[in-house]
Structure formats: C-alpha cells, structure tokens
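Notes follow the structure.
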Protein chains: 2
Amino acid sequence: MKMQNFKYEGSGLNRFFGPLEAKIMEILWTTPLEMTIKDVQQKLDKAKVINFNTVMTVMNRLVDKGILQKKLVVRSFMYKPVVTRDEFMETQSKELTFDLIEEFGSLAVTHMVDALDKVDPELLDKLEQQIKQLKKDR
Amino acid sequence: MKMQNFKYEGSGLNRFFGPLEAKIMEILWTTPLEMTIKDVQQKLDKAKVINFNTVMTVMNRLVDKGILQKKLVVRSFMYKPVVTRDEFMETQSKELTFDLIEEFGSLAVTHMVDALDKVDPELLDKLEQQIKQLKKDR
DNA sequence: TCCTTACACTACAAATTGTAGTTGGGGGTA
DNA sequence: TACCCCCAACTACAATTTGTAGTGTAAGGA
C-alpha cells in the first residue's frame, strides 16, 4: 500500500488520491462502520449521482492497491480501509519528511523555520523542544 | 513551470521527472552551454542509443511545460533550462516544505527531528540556530 | 537541381483515473 | 417452479502522462 506521489495541487486526501478516490476514502474514513458499495455511493454528492459500477470499479482498484479490504458478508461485500486515517497520515508524513530531508538536506532546513513561522508559529516551539529532548537523550 | 508531483520512488531528478526527462535535465544542467537535440542525444547512454525524434519530443514537451527554453541559432535550436539547477532545487524544496507543514503540521514536526538525526545530525544544529535567529529578529 | 539535416506532425503503447455498459449467478418472490 | 432483481465480475473507453518512433517538410549546401 505504497503511495506513489505527493501532489503539489489540492489539499488533504487529494494530495494522494484522484478526486473520486479521495471522496471515497473520505467517506470510508469518516464512517466508523464497514460499508457496501451502495452505502458509499449514496453518501457521495447527492447532486450528481455517480454510477454504481463507477464506484465499484474505483473501490476495487483501491482494494487491489492494498488501501481497502473487502469481506463478503451474506450477499454483498463490506469495505473498509486497511489502516485508519491517523495511521495513514502518520505513515505519509513520516515518509515525506524523510524523503524531503534526504533529497534536500540543508535546503529543506532553511525553509522549514520559515514555513513553520508562516503556517503555525507554535510549532516552532514544539520543534525546539524536540531538538532539546533528543540532545538530552544522547 | 509548476511541477505536479513529488514521487516517493527514485531519487534526485527522478522524483520530479520521468526517467528519460530526468536524464535529459541532468545533461542540460551539468553542461554549462546551450545544447542542440543532437548534443543531448549523443550524451545519453551510448550503450543504448535513443532515437533523435524521441529526444526531440521529450525536450519539446519540457519546453511546453516551461522547464526548457529553445532559441533558433542558425539552422538548429539551442536548448537550455529556464532556471538553474540550484534555483530549481530551491523552488522545489521551498514548495514541498511548505506543503508538508501545511498538510501535516505537528505530525511533520514530530518526524522532522528524527529524520534529521538519521540523515545528517549536523542539520539539527543548523535548525536550532535558525530558530534562535528567527526569535531574535522579532 | 538534388540531397542532407533538423524540425514538425502524427501516432501508438503502457499506466493511471474516471466512467459506465454487459453479463452472469444466486436468492427471494409470485 | 419460474422469474426477476441485485450485485459482483468483466470489459471497454476516454483523458492524461511519458516513452517511443515513423513520416512529412523546408531550408541550405553540394
């Protein structure tokens, strides 16, 4: 269930998935229960109904990619994400952070402080604490 | 000349470009002069010669994307990157760092220290300095 | 005038993603 | 029992991206 890309465009799940895939994952991750294709289909934009087969195809591709799992229950399949949304975000942020540092090293560090300051200055303190913590632990 | 994706796979320019594109950019960026298609073609793997038209198509697509510029000189076009490799890396690292922080916030911060420690511990000091610097400036 | 050279145009394949039609099996209902 | 409906599987097609390469064409030199 290795992601391929981190997209520059979009936000949230759209960074990792296609638009329809993202909507589907959003639904699966904000519903505590396993869901059938029909369940998901009905939760998608009521304005523009999406064909049942379309939803099925996309969901089964997500299964193929190891992102969803399906289980036969009585007459229909129940789908649910293999990992929780938190686990997913955790994995992605870890992966990307490492890749970023590996790829850009000091260049990334240079922008890091700037980015933190602009997006959420409190994170600067958090980062500072973590550095101190690490140094103490050694 | 907006990049689309940052790929999890590969390294260096392969994170941003297809394999042939990456090789071509590598050549263009490590040669101080403007080059013709033929120049580039001859610098690509001598083992497996790549068709002139193939190189031309890919290079012209890079022009369309705003990554290369071409200029008619006498009878043939000269190609060169629109920005230097350093500028490119600078832009990408900035963009990605911001996106990472925007998207993951404190989650990214948590992994940051870990990543720096594993990849290049000296960057930890650098980061610490930069935080101090910023705080002083305000 | 003819040929070489280099560019333009066109096309195709594989992969990804969105879209949807057709088929078929299995179970419930008349 | 006969039939129908639901849902899953299979198939297909379009657009996009990237790699690949053939054909057409124009311009300059021999």
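Chain identifiers are assigned alphabetically (A, B, ...) following the order of the sequence lines, protein sequences preceding nucleic acid strands; residue numbering begins at 1 within each chain. Side-chain atoms are counted along with the backbone in the values below, which use heavy atoms only and exclude waters and symmetry mates.
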Should we say atom NZ of Lys94(A) is surrounded by more than 12 heavy atoms from elsewhere, each under 6.0 Å from it?
no

Residue mapping more 5' on DNA chain C - nearest nucleotide basis, Tyr79(B) or Val55(A):
Tyr79(B)

Quick check on contacts: within residues 14-43 of chain B, what sits under 4.0 Å from DNA chain C by heavy-atom distance?
Ile37(B), Lys38(B)

In sequence, state the C-alpha distance, the side-chain angles, and the governing distance for Arg85(B) and Glu90(B), and then conclude on salt bridge (charged side-chain N to carboxylate O under 4.0 Å, His left out).
CA-CA 8 Å; Arg85(B) 189 187 191 128; Glu90(B) 165 78 14; over 6 Å; no

Once the angle between the rings of Phe17(B) and Trp29(B) is folded into 0 to 90°, is it parallel (under 30°), tilted (30 to 60°) or perpendicular (over 60°)?
perpendicular

Is it the case that Lys70(B) places NZ or CZ above or below the six-membered ring of Tyr79(B), under 6.0 angstrom from the centre and within 45 degrees of the axis?
no

Shortest non-hydrogen contact between Leu107(B) and Ser93(A), atoms and distance
CG-OG, 3.5 Å

Does dA9(D) have OP1 or OP2 under 4.0 Å away from a side-chain N or O of Lys70(A)?
yes

Set out, in order, the CA-CA distance, both residues' side-chain angles and the distance that settles salt bridge (charged side-chain N to carboxylate O under 4.0 Å, His left out) for Lys65(B) and Glu21(B), then state yes or no.
CA-CA 12 Å; Lys65(B) 294 185 203 167; Glu21(B) 289 177 327; 2.8 Å; yes

Anything under 30° is parallel, anything over 60° is perpendicular, the rest tilted; go ahead and classify Phe16(A) against Phe88(A).
perpendicular

Side chain to side chain contact (heavy atoms under 4.5 Å, CB included) partner of Leu68(A), chosen from Val58(A), Asn60(A), Val82(A), Val63(A):
Val63(A)

Which atom pair, heavy atoms only, marks the closest approach of Gln69(B) to Pro81(B)?
OE1-O, 4.0 Å

Salt bridge (charged side-chain N to carboxylate O under 4.0 Å, His left out) for Lys135(B) and Glu128(A)? Distances and angles first, verdict last.
CA-CA 11 Å; Lys135(B) 291 197 166 180; Glu128(A) 214 174 7; 2.7 Å; yes

Output the rounded distance in Å from CD (Gln4(A)) to C1' (dT16(D)).
16 Å

Any chain of hydrophobic side-chain contacts (each under 4.5 Å) joining Leu20(B) to Phe52(B)?
yes

Are Glu95(A) and His111(B) linked by a side-chain donor-acceptor pair shorter than 3.5 Å?
no

Every protein N/O lying under 3.5 Å from an N/O of nucleotides 23-27 of chain D:
| unit_1 | atom_1 | unit_2 | atom_2 | d |
| --- | --- | --- | --- | --- |
| dT23(D) | O4 | Asn53(B) | ND2 | 3.1 |

What's Ser76(B) touching, base or sugar-phosphate or nothing? Going by heavy atoms closer than 4.0 Å.
sugar-phosphate

Should Lys7(A) and Glu103(B) count as an ion pair when the cut-off is N to O under 4.0 Å?
no

Phosphate contact (dG19(D) OP1 or OP2) by Thr54(B) side-chain N/O below 4.0 Å
no

From the 5' end of DNA chain C to its 3' end, which nucleotides mark the outer limits of contact with chain B, defined by a 4.0 Å heavy-atom distance cut-off (strictly under)?
dT5(C) to dA11(C)

Using distance only, find each side-chain donor-acceptor pair of residues 31-43 of chain B under 3.5 Å and give its atom names and separation, not counting sequence neighbours.
| unit_1 | atom_1 | unit_2 | atom_2 | d |
| --- | --- | --- | --- | --- |
| Thr31(B) | OG1 | Ile27(B) | O | 2.8 |
| Glu34(B) | OE2 | Lys71(B) | NZ | 3.3 |
| Thr36(B) | OG1 | Lys38(B) | N | 3.4 |
| Thr36(B) | OG1 | Asp39(B) | N | 3.0 |
| Thr36(B) | OG1 | Asp39(B) | OD1 | 3.4 |
| Thr36(B) | OG1 | Asp39(B) | OD2 | 3.1 |
| Asp39(B) | OD2 | Thr36(B) | N | 2.9 |
| Gln41(B) | NE2 | Ile50(B) | O | 2.9 |

Give me the bend of the helix from dT1(C)-dA30(D) to dA30(C)-dT1(D), using the axes of the five pairs at each end, rounded to 10°.
40°

Looking at Glu122(B), I want to see if its CD is surrounded by more than 12 non-hydrogen atoms of other residues, nucleotides or ligands under 6.0 Å.
no

Which residues, if any, of residues 57-69 of chain B bring a heavy atom under 4.0 Å of DNA chain C?
Asn60(B), Arg61(B)

